[in-house]
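Keep in mind that what you see is a predicted model, and the values were worked out from it rather than measured. Residue numbers count from 1 along this sequence. Both ligands and their constituent atoms are indexed starting at 1 by order of listing.
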Amino acid sequence: MVEGFDVRTLAIINLVLGIVLGVGLFIFAKSHPSFSGFRRIGTGYLLLALGFVLMGFRNYISDWYSIVTANAIIFSGVSAVGVGLLRFYGRPHKLFLIFSAFLLVCLVPIFFYFTFVQNDINQRIIVISSFFSIQCLYLAAELWRYPANIRRGFTRFLSISFAIYGVVFAFRSLWTMEEANIINFMNAGPIHGVSLIIFQILIVTTGYVASWSACLKLENEITIQATIDPLTQTYNRRALDEMASKEVSRSRRLGLPVSVILTDIDLFKQVNDQHGHQVGDTVLVSFARRLKHNLREHDILARFGGEEFLVLLPDTDAPTALKIAEKLRVLVSQKTMTADDEAFDLEITASFGVSASFGKDIDWKALVSKADHALYQAKANGRNKVKGKFDYIQLVAWNDI
Ligand SMILES: Nc1nc2c(ncn2[C@@H]2O[C@H](COP(=O)(O)OP(=O)(O)OP(=O)(O)O)[C@@H](O)[C@H]2O)c(=O)[nH]1
C-alpha cells in the first residue's frame with residue numbers, strides 16, 4: 001500500500017465529511033423547505049458516513065456488516081445523493097431511482113456470494129466499481145441535459161465531475177480484472193485508495209455546488225420579488241423607474257424617440273363591487289396578460305397603480321404610440337375578460353393616455369405627467385378612448401402627423 005492511502009483513515013475522513021455535510025444540509029432543508037432534494041442529498045451523505053463506519057470496522061465486526069451491508073449502504077448513499085441532485089435541479093429522477101434500486105437488489109446477493117461462498121475481493125471490487133461507474137455516468141448524462149438558464153454552470157460542473165468519477169470507477173474495475181488476487185482490502189493498492197478519495201470529492205463538490213446554486217436561486221427569487229408585481233407578473237414601479245432611467249439615457253444618447261402609454265380599466269370599481277375583489281383580481285391579471293401579449297418583446301409593461309398600467313415604448317414616436325394604444329384599446333374592448341371561474345364573462349373597456357418625446361428633450365417625469373393628463377382627458381371624454389398629449393414642435397420634427 002502506498003503511504004498516505006490508508007483505507008481506514010480515508011474511511012474516517014469520509015465518515016466525518018458525510019456527517020458534517022449531511023447534518024448541515026438537513027438543517028438547511030429544514031429552514032428552506034422549498035428546496036426539494038436537499039433532504040435527500042443530506043440523507044445520502046449520512047448513508048455514506050454510516051457505510052464508511054462499517055467499512056472502517058473491517059476485521060473487527062462480521063463480514064456481513066463490514067462488507068455486504070457497508071457496500072450496500074454506500075451504494076444507497078450515492079443513489080440518494082443522485083436522486084436529491086436530480087430533484088433539486090428539476091431533472092427526471094424516478095428512472096434513476098428505479099435503476100439504482102435494481103442495481104442494489106443485484107448487489108446484495110452478488111456480494112453475499114463473493115464474500116461467503118467464494119471469498120473474492122477482486123470480484124467484489126469489479127462489481128461495485130462497475131455499478132458506481134454506471135450510476136455516475138447516468139447522473140453525468142442527466143445533469144448535462146439541464147436546460148440553459150442561470151444554474152446551468154452548476155449542473156455542467158456537476159455533470160463533468162460525475163463523468164470523471166464514472167471514468168475513475170470504470171478504470172478501477174478494469175484495473176482490478178488484471179490485478180493479482182487481493183488478499184486484504186485494507187492494504188489493496190493506490191487505485192482503491194483513490195476511489196475512496198473520490199467519495200470525499202463527491203461529498204464536498206455536490207455539497208457546495210448545491211448550496212451555492214441554492215443561494216443563487218434565493219437571490220433570483222428576491223430579485224423577482226423586488227421587481228415583479230406578484231398579482232399581474234408585470235414590472236412594479238421600482239423596476240419601472242430603473243428601466244425607464246436606463247431607456248431615457250439610451251434614447252437621449254442615440255437621439256431616439258420614446259413613448260409612454262398609461263392605461264386604466266374603466267369603471268373597475270363596479271367590477272369589484274358587483275363580482276367581488278377576487279374576480280376583480282382575475283380581471284386585472286387577464287387585462288395585464290392581454291396587454292403583454294400584444295406588445296413587442298422590448299416594450300416595458302409595468303403596474304403603475306391599482307388598476308393602472310404603464311407601457312414604455314422604446315424607439316417609438318408619437319404616431320406609432322397612438323396606433324399601438326388604439327390597437328390595445330380595441331383588443332381590450334372586443335374580447336371578454338374571463339375570470340378563472342368561467343361563470344364570469346365580463347365586458348371590459350379601458351382608457352389610454354399617450355405621450356412621446358425625442359432625443360435630448362426626453363424628461364421621464366414630464367412624459368408620465370403628460371400621459372396621465374391625456375388619460376384624464378380620455379376618461380373625461382366618455383372612457384374607452386385614446387388621447388395623446390404631445391409637444392407641437394416634436395410632431396412637426398417627426399413629420400408624421
Ligand atoms: N380587485 C382589485 N381591485 C383593485 C386593485 N387595486 C385597485 N383596485 C380597485 O380599483 C378600483 C378603482 O376605482 P376608481 O379609481 O374609482 O376608478 P374606476 O372605477 O375604474 O373608474 P374610472 O377609472 O373613472 O373609469 C377601486 O375600487 C380599487 O379598490 C387590486 O389589486 N385588485
Side-chain angles (χ1 to χ4, degrees), residues 221-244 259-295 299-313 318 321-356 364-390:
E221 275 170 19
I222 291 167
T223 309
I224 288 173
Q225 276 170 18
T227 54
I228 302 288
D229 170 51
L231 178 67
T232 60
Q233 299 298 306
T234 58
Y235 291 112
N236 62 16
R237 282 289 284 271
R238 186 170 167 254
L240 173 69
D241 286 345
E242 267 179 34
M243 286 190 280
S259 295
V260 161
I261 299 174
L262 254 186
T263 174
D264 184 286
I265 302 176
D266 295 329
L267 303 171
F268 188 59
K269 191 173 178 310
Q270 286 181 11
V271 176
N272 275 331
D273 291 347
Q274 286 171 15
H275 303 287
H277 232 73
Q278 227 169 342
V279 172
D281 280 356
T282 317
V283 168
L284 274 179
V285 172
S286 175
F287 178 67
R289 201 178 297 144
R290 196 164 297 174
L291 294 178
K292 206 190 258 175
H293 287 169
N294 289 287
L295 290 167
D299 294 334
I300 294 161
L301 175 66
R303 190 170 180 193
F304 201 63
E307 85 291 20
E308 197 173 1
F309 291 82
L310 185 147
V311 186
L312 193 166
L313 301 162
L322 281 170
K323 278 185 210 150
I324 293 171
E326 180 58 18
K327 181 186 85 177
L328 294 174
R329 185 195 69 77
V330 172
L331 273 166
V332 169
S333 62
Q334 273 181 350
K335 292 180 186 169
T336 48
M337 294 276 173
T338 306
D340 273 348
D341 175 353
E342 293 283 332
F344 295 100
D345 274 352
L346 302 169
E347 299 281 347
I348 293 290
T349 62
S351 302
F352 295 77
V354 183
S355 67
W364 176 243
K365 278 194 179 153
L367 259 181
V368 175
S369 162
K370 280 178 194 163
D372 195 33
H373 188 86
L375 175 62
Y376 177 81
Q377 283 183 330
K379 292 273 184 189
N381 276 270
R383 298 185 175 83
N384 192 19
K385 300 255 176 345
V386 173
K387 290 283 172 192
K389 185 163 168 55
F390 312 107

Please produce the table of protein N or O atoms sitting under 3.5 Å from N or O atoms belonging to ligand 1, one pair a line, distance to 0.1 Å.
unit_1	atom_1	unit_2	atom_2	d
ligand 1	1 (N)	Asn272	OD1	3.0
ligand 1	1 (N)	His277	O	3.1
ligand 1	1 (N)	Asp281	N	3.3
ligand 1	1 (N)	Asp281	OD1	2.9
ligand 1	3 (N)	Asn272	ND2	2.9
ligand 1	17 (O)	Glu307	OE2	3.4
ligand 1	19 (O)	Phe268	N	3.1
ligand 1	19 (O)	Lys269	N	2.8
ligand 1	20 (O)	Ile265	O	3.1
ligand 1	20 (O)	Leu267	N	3.4
ligand 1	20 (O)	Phe268	N	2.7
ligand 1	20 (O)	Glu307	OE2	3.1
ligand 1	21 (O)	Leu267	N	3.4
ligand 1	23 (O)	Asp264	OD1	3.1
ligand 1	23 (O)	Lys379	NZ	2.9
ligand 1	24 (O)	Arg383	NH2	3.0
ligand 1	25 (O)	Leu267	N	2.7
ligand 1	25 (O)	Lys379	NZ	2.9
ligand 1	25 (O)	Arg383	NE	2.8
ligand 1	31 (O)	Arg303	NH2	2.6
ligand 1	32 (N)	Asp281	OD1	2.6

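- In this structure the side chain of Phe352 never reaches within 4.5 angstrom of the side chain of Lys387, judged on heavy atoms.
- The salt bridge (Lys or Arg N to Asp or Glu O under 4.0 Å) search around Glu221 returns none, not counting sequence neighbours.
- The ring-ring contact (aromatic ring centres under 6.0 Å, His included) check on Tyr235 picks up nothing, with sequence neighbours excluded.
- Listed by first then second residue, pairs satisfying salt bridge (Lys or Arg N to Asp or Glu O under 4.0 Å) with a partner in residues 267-285 read Lys269-Asp273, not counting sequence neighbours.
- Formation of a donor-acceptor pair under 3.5 Å by the Asn294 side chain with backbone atoms of Leu328 is not found in this model.
- Residues Arg303 and Leu284 are in side-chain contact: their nearest non-hydrogen atoms beyond the backbone lie under 4.5 Å apart.
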